[in-house]
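Here's the structure we're looking at; comments come further down.
Computation of the quantities below employed the complete heavy-atom set of this structure, encompassing side-chain atoms and omitting hydrogens, waters and symmetry-equivalent molecules. Read the numbers this way: they start at 1 and go in the same order the structure lists the ligands and their atoms. All residue numbers refer to positions in the sequence shown, counting from 1.
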Amino acid sequence: MIYRTKGAKETKDLAKKILNKIDRPNPKKGLVVALEGELGAGKTTFVQGLARAFKIRTKLKSPTFSLIKHYEIPQSKNFKILYHIDCYRLKDHRDLAVLGVKDILASPENIILIEWSDRIRPILPKKLIKIHIDHISQNERKLSINFY
Ligand SMILES: Nc1ncnc2c1ncn2[C@@H]1O[C@H](COP(=O)(O)OP(=O)(O)O)[C@@H](O)[C@H]1O
Ligand SMILES: [Mg+2]
C-alpha cells in the first residue's frame, strides 16, 4: 500500500492508523517492521508515531549511538515490548549477534522496529512488514508499506 504524508505529524498519524493491522498475535516469533529510506526520510518519526499509538510515554529518541533501545508497551493486543534498532552504523549482522538480537526476534511478545534493516537481512524472518520511505520534497514523503 502506498501513502503520502505532508509533514512529520501526518507520518505519525499514519503509524497510528496502521497500528490495528500490526497489533495482532504472532504465533511463533516477534514481529519485525523493517524501515528503509535515506537519512532524514522519516524512519525514526514513524517509529515515534507507532510508540505513541501504543501509549508509550517515554520520548523515543533515535538509537543511532546505542543501537538498540526498548520500551514497555502499556496498551497492546499482543505485544509487551517495543524494540527500536538502528543498523546505520553496522557493517553486517554479525555485529548484532553479541547484543542478543536472536533472542529478541524469537519472542512473540516483541515488536521490533529496525532502521536500515537491509544491513542485517540474513538474520531477519521472511515474514516481516516492510516500510520504504521516499523523500519527495521538504515536507512530503511517500511511504510504501508491504504487509506479509
Ligand atoms: N512527511 C514527513 N514525514 C516524516 N518526517 C518529515 C516529514 N516532513 C518533514 N519531516 C522531517 O524530516 C525529518 C525526518 O527525520 P527522521 O525521522 O529522524 O529520519 P530518519 O530516521 O529516516 O533518518 C524530521 O526532521 C521530520 O520533522
Ligand atoms: Mg533514524
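For H135, the ring-ring contact (aromatic ring centres under 6.0 Å, His included) test picks out no residue, with sequence neighbours left out. Take Y88 and apply the ring-ring contact (aromatic ring centres under 6.0 Å, His included) test, not counting sequence neighbours, and it matches W116. With sequence neighbours excluded, the residues forming a ring-ring contact (aromatic ring centres under 6.0 Å, His included) with Y83 are H70, listed by chain and number.
Ligand-side atoms of ligand 1 in range of T11: 1 (N), 2 (C), 3 (N), 4 (C), range being under 4.0 angstrom from any heavy atom. Against a heavy-atom cut-off of under 4.0 Å, K43 is close to the following atoms of ligand 1: 17 (O), 19 (O), 20 (P), 21 (O), 22 (O), 23 (O).
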Tell me, with the steps shown, if T44 and E115 meet side chain to side chain donor-acceptor pair (under 3.5 Å).
CA-CA 8 Å; T44 301; E115 299 187 37; 2.7 Å; yes
For the pair K9 and D13, evaluate salt bridge (Lys or Arg N to Asp or Glu O under 4.0 Å) and give the outcome as yes or no after the intermediate values.
CA-CA 6 Å; K9 187 181 179 296; D13 290 347; 2.8 Å; yes
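In this structure, G37 falls outside the shell of residues with a heavy atom less than 4.0 angstrom from ligand 1.
When only non-hydrogen protein atoms are considered, atom 16 (P) of ligand 1 lies nearest to T45 OG1, 3.8 Å. Looking from atom 18 (O) of ligand 1 to the surrounding protein, the closest heavy atom is T44 CB, 3.7 Å.
When non-hydrogen atoms are compared, ligand 1 lies under 4.0 Å from the backbone of Q138 (N, CA, C, O) but not from its side chain. By the criterion of a heavy-atom distance under 4.0 Å, the backbone of E38, and not its side chain, is placed next to ligand 1.
Side-chain atoms of D86 and H84 form no donor-acceptor pair, as typed in the model, at a separation below 3.5 Å.
In this structure, E72 places its CD atom where only 12 or fewer heavy-atom neighbours from other residues, nucleotides or ligands lie under 6.0 Å away. At most 12 non-hydrogen atoms from other residues, nucleotides or ligands lie less than 6.0 angstrom from CZ of R52.
Considering only non-hydrogen atoms, atom 11 (C) of ligand 1 lies nearest to R141 out of E10, E36, R141. Considering only non-hydrogen atoms, atom 8 (N) of ligand 1 lies nearest to N139 out of I136, T5, N139. Comparing G49, A41, G42, A8 against atom 27 (O) of ligand 1, the shortest heavy-atom distance belongs to A8.
Less than 4.0 angstrom separates atom 25 (O) of ligand 1 from none of the non-hydrogen atoms of the protein.
For G40, a nitrogen or oxygen atom sits less than 3.5 Å from a nitrogen or oxygen atom of ligand 1, counting backbone and side chain alike.
The main-chain N or O of N78 is never found under 3.5 Å from a side-chain atom of E109 such that the two would form a donor-acceptor pair. Distance alone, capped at 3.5 Å, places no donor-acceptor pair between the N139 side chain and the K6 backbone.
For the Mg ion (ligand 2), the count of nearby protein N, O or S atoms, meaning those under 2.8 Å away, is 2.
No option in I120, L35, V33 other than I120 meets the side-chain contact (heavy atoms from CB on, under 4.5 Å) test with I114.
For the pair R24 and Y148, the cation sits on the ring face: its NZ or CZ lies under 6.0 Å from the ring centre, inside 45° of the axis.
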